[in-house]
Q: 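Have a look at this one before I ask anything.
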Amino acid sequence: MSSIRLEQAAALARRRLGDAQGRRFWRALEALADDPGFKRELGEALPQFSSFAAMDRRRFLQLLGASLAFGGLAACSRPPPEQIVPWVSEPSGTTPDMPQFFATTLAYAGDVLGVLVASHMGRPTKIEGNRLHPASLGATGPVPQAAVLELWDPDRSKLPLYLGKPTSWDAFAIDLKAWPASFAHDGSGLHVLSDRIVSPTLRAQRDRWLAQFPRLRWYEYAPVAQDNAEQGAQLAFGTLAAPRYHFGQADVIVSLEADFLGDMPGRVAYARAFADRRHPTAAGMNRLYAVEATPTLTGAMADHRWILESSSIAVFAQELAQALGLGTGAASGSGISDRRLQALRSDLLAHRGRCLMVVGESQPPQVHALAHLLNEKLGNVGHTVDYMALPDDSGKRYALGELCQAIARGEVQRLVVLDCNIAYHAPVDLNLPSLLKKVPHLVHWGLYADETAQLAQWHLPASHALESWSDAQTRSGVGSIVQPLIEPLYQGRSVHEFVAMLMGDKVQDGRSIVEDYWRTHDAGIDWTQSVRAGVIADSGKDVATVSSRTNALDDWSPQPLPFGAVELVFRPDPTVWDGRYANNGWLQELSKPQTQLTWSNAALVSPQLAAQYELDNGDVVVLEHEGRKIEAPVWITPGQAARSITLHLGYGRTCAGRVGNGLGFNAYRLRSSRHAWTAPGARLQKADRSVQLASTQDHFDMEGRALVRSVSLAELIADAQVVQKGDETPASLYPEQAQGEYAWGMAIDLNTCIGCKGCTIACQAENNIPVVGADQVLREREMHWIRVDRYYSGPPEHPTTHHQPVPCMHCEHAPCELVCPVGATVHDAEGLNVQVYNRCIGTRFCSNNCPYKVRRFNFLQFADLETETLKAQRNPEVSVRNRGVMEKCTYCIQRIENAHIAADREQRRIQDGEVVTACQAACPTQAITFGDVRDPASAVSRVKASSRNYALLEELNTRPRTSYLAQVRNPNPALGDDA
Amino acid sequence: MSQIFSPSFGLYAKLAVFGVLLVVVSACLAWRSVTTDPHRLDEPVNQPVPFSHKHHVEDDGLDCRFCHASVETSAFAGMPPISTCMTCHSQLFTDAAMLKPVRDSWKSGVPLHWNRVYQLPDFVYFNHSIHIAKGVGCVSCHGRIDEMPLTQRVVSLSMQWCLDCHRDPQKFLRPREKVFDLGWQPKDQQRLGAELVRAYRIDTGRMTDCSLCHR
Amino acid sequence: MSAAGTARHERLLARGHTYTSLSDKIGKLALRPNGTLWFVSFACSLLLTLLFAAGVGELLKKGVGIWGINIPVAWAFALINYVWWIAIGMAGTFISAALYLARQDWRSSLNRYAEAMTVFAVAVSGLFPIFHLGRPWFFYWVAFYPNRMSLWPQWRSSLVWDFLAIIAYLLVSIMYWYVGLLPDLATLRDQARTRGKQVFYGLFALGWRGEARHWKRLESLNLVLAGLAVPLVFSVHSMVALDFSEGTLPGWHSTMFPPFFVAGAFFSGFAMALVLGIPLRRWLGLGDIITPKHLDNLSKMMLAAGLFVGYNYAVECFMAFYSGDPYEMAEMKDRLAGPYAWVFWTVIACNVVAIQFLWSPRMRRNPVALFVISMLVLIGMWYERFMLIVNTLFRTYLPSSWGMFYPTLWDLIFLFGSIGLFLLLFTLFVRWLPIVAMFEMRKLLHKLQGAG
C-alpha cells in the first residue's frame, strides 16, 4: 500500500504553507497546488480527494486549510480563486456529489449491527441502518453513528511503533522472523489475547493457528461481555446456548436488570419489536415490569418499575419462582411487597406462553438459569424465546485469570494483544499493568496507541472497520460481511491481515482471507450478493433444542443486601461504553440518557443516600471496597436504589487521545473479578471538595405544564379524547403562511421513544454540528439541534421518567421570524422555518423569542476548521457554520432539496417516505415520522390524525409543524395506585 | 488684533471637507470592486492549457455534454477526465507543445489543475441538472462560450443576478431541446416563457425561497 | 415685584455678575492651563477606555462567547449597558430642548453640559448594539441600502427601527449641541491669546461674527432643532422599549413598556445630570451659576420620574397576577423570590425607597446627599435593566431549557470600560469647551436685570 496518507499530505501542506495568513495564505496555497512534488504525493495519497476536488473547492481546498475563506476574513479580502481538479481517468459508476451507499457491518459496544454507509466521492460521511439486516431493520442508535468520527479521528494510531518510536511494517516483518526461536515448536510460550471474537473468519484463523501450535493459548476478554448469561445457560441446560428473545410475541415482560433497550446485544431490533407492541389497544399493548437498582432506558419505559438493590434481585427472582411453583428453595426478604409479587404472579400465569422473563448480565448466573427455567415452566420457550447454540465452544478460549497465572509462572514468552486494552480495563485484583511488564515480548495491535500499547515493545496500527475487510456474527447468529469504504488513511492493517502475517500465511490480503473463508466454509452463499446486501442470506435461523436440568439450582440460596450495607453497581457507560469510545467527541458530548451528564461519569446516588450523607451534585466522595479507594463526584439520581451507588465504566483514561484523556474517574480501580457488576459492602465518605459536572439540563420538573402528556391505557380506552381535552388552536391576527406544493411536518411518538438519543448523534453527523467541549456545555452552549429532554413526575425516590425529543418545531407563526432584523430566519413556501446562515448577523433575538429554545448559537468558533481529517468527515451538502451565526434544525433541508430536484427533474411528486430525516432514519423504534402533512394519505398525516396527537405549548399559538403523540402507560389494574 | 483667517480661507475649508468625503466614498467603492469576485468580469482566466471552447464547439462541433457529462444528472456539470481529452489528442496534435501538460498528466497520473471561472460562495448550492431540466439554456449564464477562445465569466453571479431570473423565469426559459443550442433566439419570449413555466411545472411560489439555494 | 425679582435673581444666578464677568469666568475654564485634578480624572478615564479597547479587541478576535451569555440567556450585559446609556442620554436633550420650548429660564445654566452628556452617552450606547452582534462587521445589514443581494431588512423587527431611531437621535442631538456652541466658540476665539487656540476655536466657530443676522438664524435654527429633538427623545426610547415588548416572553410582552422606559430614561438622565453637575459646581467653582435652585429643580424632576417608575413596577407586578397567565405569574414569582430576587429588591431600594428623601427641601439642596441618591438611582436603573433582561430570559416556557447567567471578567470590562469612555469624552469636553452656555447666561442676566 502507498506509504503516504492524508495526515502526512496535510502535514506536508501545512509545513509548506508555514504561517501564511489571508491573501498570502492563498498565494502560498496556489503555489503549493502547482508544486509538482506535492501534487504527486497528494495524488498518490488521496485519489478520492483529487476526485471530489473535481467538483469544486468545497471539497478540495477545504482539505488544505481553506478555513480562512470563511467568516470575517473573507469580507476583507478577495475570495480565493478556486481550482478544478478532474480525474485523470474516471472510475465507473461515480456521480459527482451524489452520495453512494455501501452495506457493511459494525461490531460496536458488545453488539453487531448491519449498516449502510454514505460515501461522498470516496469519503464515508454518515452511517444509516441496513433494512435487510435483522439486527438493524434500518435503524442504528447512537454509538454506531459515531463510527465515522472514529474513522476520521486525528488521534488514531498511524504508524507502527517500536519502543514508542515510529518504525515500519517491514521492520516488524523482520522482527517476526526471530519469533519461532522464542517459543517451542508446539507453540507453548506464545499467547494471544483478543476482545470477544465476533468474526467467523477470525475464529477460523485462530483454529488453524491452534492446529499449527497446539500449545498456543488464545484468551478472550471484554470488560462488558455475556459471561453470566453464558454460565447461566450452561447451568440451566448443560450446554452453551444463547437466548433469542421475541418481544413481539410477549404480552407481559419481566426484566430483572435486563436493559434490552439500552445495552443488551441485539438492542436495536429488540427495541423495534418491543415498541411495535406499545400501540395502545386493549389487546395489543404489552406490559413491562422492570426490577432494577439503577435507572435504565428499559426501566424508564416500564409500566411497573420496582426499585431493588442489585444484590437483592436474586432473592426476588427466587421468591417469584417460588410463587410460580418452581421448587428452588425458599427465599424471602427481597423487599418487594407480597401484593406486587402476587399481582405479577397472576399476570404471568394469565399469559402462559405469551410472557417473558429477561435477565441482565449484571445478575449472577443462577438468576439467568432461574429465568430459563421459569420461561420453560411458563411455556414461553419456542414462542417468546428460543435458543441458539453459541458459535464457539468455550474450550478454545481461556480466561484472563489464566493468562495472569501463566505470566506469573513465567510461561509467557510472547503476548500478542489484539485491540484489548487490558492495562486499563482488566479487573483490578489481577493487577495486570505490573504483570504485563514481566512479559518479555509484548506486541499490541490496535486502533489507538492506548494504555496497553504504552507497555508493549511493538505497537501496530489497526485499520478501522470502515477501512477493512472482515465479517461479523450477531449473538442471534446472523452473519454479515464487513467491507471497506475507503483505503486505510494510515498504515493500519485489519486483524485478519495481521494474524495472517503472524501465521506467515501466503495470503495476507484482507479481502481474499474473508472471501476464501466464506467460499470454503459456506459454499452455499452468494458472495457478491452477501456483500451488496450486507447480510448472509437466512443465517441466524437455526434453533437449538435445549432441555433444562431441574436440579440446576438446588444448592443456591441468595441473600439480600444486609440492612444498612451499601453496594456498588458497575455499568458500561451509555455513550463511551467500556472506554473504547473515550476519544469520540460526539459520544462524549452526548448527554447520558439517565443523567443528562456530558464529558464525565459520576457516582450515581439515590436522593435518600444523598440526604443521609448531605451530598449535593458534584460533591466528591471517597468510595472504598475491599481496601481499594477512589474519589468520585456524585450525581443525585432519582429512581436509584436507596443503598446502591452506580459507577459507569469507561472514564479516567490516560492514553485515549486529545479528547478522552483525563475525563471523569476510573471505576475499574474498584472492579474485581469476583465483583464484576455488584460489589456489596462498600463504604463512602464525603471528601471536602466538589467539581462542576456538565449537565445539559438543570431542571427536571414540568412545573405543572402539560409538556409531556402521559395517560394510562385504561384512561385512554375510557375516553379516546382524554389527551386533547381543552386543546384548541387560538385564533390568529396574522395571515396564514404561503401554501406551497408540500407542507413538511413531523410527528414524534412519546409512547415509543425510548430516549436512547440516537437521533441527536445522527443529526450531529448529518448536519456538521460541532463539538463544543465540557467548559462550553457548562456555560449552556451545547449545539445539538435535536435534544432529548427528560422530566420526572412523582416522588424522587421512585419517579416516572419521561423522554421528549425536541427539534425545531417549524412553527407556522414562528416568533423567531418576527424579530430578526435582517430576515435571516424566514418561512419558505413549504412551511419550513429556514435559517440562512450567510445572512445571519447574530442578534440572538430569535433565540430569546423561541419558546422551545431549540436555536443554537456559535458563541465562539466552534466548528474545527484546522483539523484536516475532520473536514473530510463533513457532509458537503450542509454549510459549515462559523462563529457569530445562529443555527437550528432544518428538517434536513438538504435531503428535502435533493428529493425535490430529483422529483422536479422528472416532473413527478415527491413520494411519501422519499424524504427521511436523519433523526427519523436513526430511530430504533420509528418514533419519528416525517412527511407532507397536506397529503392526508402520508404516513405523518396518519400519525397526526391520532387522538393522542398534541402540539407543545399550543396555547402560544405558534402552530408547530412538529407535534407529539402522548405517552401511554399500561399498569396492572390489580396494583391500582401501587405502580 | 489681526484677523486669524485669510478671506479666502472659507473656500479652502469647504474644499478640504469635500475632498475628504470624496476620498472616503471612492475608497469604499474601490474596496467593494476588489473584494467581490475572484476574477474580473469579461476577463479570460489563465489556465494550464489554453483551452478554447470556440475551437472545440464552434469549429469541431462538440456537444457540451461530450465533456460536461453529468450536467443533466447532477449538481456539478462535470469536468472531463484527461482520458476524455486523450480520446482525440492521442491522435490529434500529438506533439503540440500547448498540449504537453495534458500528455504529462496522462502519463504521470497527476491531474491538471484548472482555474475555476464560475465560482460561487460555499453557502450557495447551485444544481446544474435542475436548471437544464427546466429549460435554462447554457447561454443564459455562460454566454456565447462557443465563441470564446479563452473562457471568461460574462455574468456577475451576484444574488441579485440570480434573483432576476428566479423572480420571473419566463423571461429566460427555452424549450429543453434548445438548452444546449447557444445561438438559438426565441420569437416571442414572453409567450413562450409563460407556456414553458406551465409545461415544465415550475413552482414559481418557491423560486425565491432562501432554502432553495442556502442550506 | 422687585422682591420676588431679587429672590429669583438670587436663586438662578448669584448677584454681581455682568455680561463680561460671566463670559470671562466661563471662558477661563476652557482657556486656562490644565489643573492636576483634571489630569487625574483624565488619566483614570483614559485607563478605563484602554481597558474597553482591549475588550473590543478580544471580542473581535474570539466572538461574543467571551461574555457569560448562553442559551437561554442570549442577551445580557451588552444590552443592559446599551439601554442604560441611551436612557442616560435622554435627560440632556429634554432639559435643553423641552425646557427651552417651555421657556424655563433655569435650563440656561445646565443645558450645555447636559447636552454634552447626551451626545456622549448616546455615542457610547450606540457601540453596544453593534458589538453585541455575533458578526459585528455586518451590522450595516440592518440598514436599507441598494445591495447586490437585492434584499431589504425585515421591517417587522423592532431592531430595524431602533437602528434608525438611534442614528436620527444621535445626529440631531449632535447638531443641536454644536449649533448652540457656535457663539461661545466665537467668544473663546476672541478671548484666546495663543495663535493655536485662536485657530482651533476659530475653525469650529465657522466664522461667527455675532451679526444680528447670525443671531436671528441661530435662534430660528435652535427652535427648529429643539422641535425635532423633543419628539425624538420620546421616539428613541419607545423604540428601545419595543425591542423588548415585541418579544413574546412573559416579562417583555407588555404594552406599557414605552412610557415605562421613557420615564426610566428621564429618571436616570436627571440622576446623571446631578452626578456630573455637583462635582463640576464644586471643583470649578460654579456655585454661583449652578445654584441650589437648579439642584432643587433637577431633583424634583428626578423625584417625579422616579415615582412614575415605581408606579410601573407596581403595575407590572399586578398585571402579571391579574392576567392569570401561568407563565407571567411564574416569571413574576421568580422576580420577587427567585434566584435573581436580590436584583429586584436592590432596584426597589435604589429607585423607589432612596428617592423618597427628595420630598424634603433640605435634602434637595444638599449637594452631597443629592450626589449619593443620584448615584444610587444610576445603580438601581442598571439593575432594573438586568432584571428586565436576565430575569425574563433565564426561565421561559420549557423547564428543560432553564439556566442561569454568570457574568465573566469581560462583561465587567465592557461595563466599566464604557463608563471610562464616557468620562474620557466628558473630561475632554470640560477641558476644551465652555461647559455653560455663555450667551444664554448673558440672555438670562439681561432678562433678570430687566425684571429687577
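All values derive from a computational prediction rather than experimental measurement. A, B, ... follow the sequence lines: proteins, then strands. Residue 1 opens every chain.
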Q: Please output the residues of residues 143-168 of chain C in contact with chain B, using a heavy-atom cutoff of under 4.5 Å, in numerical order.
A: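 Residues in range: C:N147, C:R148, C:M149, C:S150, C:L151.
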Q: Would the number of heavy atoms belonging to other residues, nucleotides or ligands and lying under 6.0 Å from CZ of B:F9 be above 12?
A: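 Count over threshold, so yes.
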Q: Answer yes or no: are there more than 12 heavy-atom neighbours, outside C:K443 itself, under 6.0 Å from its atom NZ?
A: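 More than 12 within 6.0 Å, yes.
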Q: Looking only at heavy atoms, which of residues 158-186 of chain B get nearer than 4.5 Å to chain C?
A: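 Within residues 158-186 of chain B, the residues under 4.5 Å from chain C are B:S158, B:M159, B:Q160, B:L163, B:R167.
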Q: Which residues, numbered in order, of residues 192-205 of chain B come under 4.5 angstrom of chain C by heavy-atom distance?
A: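 Answer by number: none.
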Q: Atom CG of residue position B:N46 - does it have more than 12 heavy atoms of other residues, nucleotides or ligands inside 6.0 Å?
A: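 No, not enclosed.
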Q: Which residue pairs pass the ring pair (Phe, Tyr, Trp, His ring centres under 6.0 Å) test when at least one of the two sits in residues 126-155 of chain B, sequence neighbours left out?
A: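 Sorted result for residues 126-155 of chain B: B:Y118-B:H142, B:F126-B:H128, B:F126-B:H131.
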Q: Should we say atom OH of B:Y12 is surrounded by more than 12 heavy atoms from elsewhere, each under 6.0 Å from it?
A: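 No - once you tally the heavy atoms of other residues, nucleotides and ligands closer than 6.0 Å, there are 12 at most.
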Q: Would you check if the side chain of C:R189 reaches a backbone N or O of B:I4 as a donor-acceptor pair within less than 3.5 Å?
A: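 Absent.
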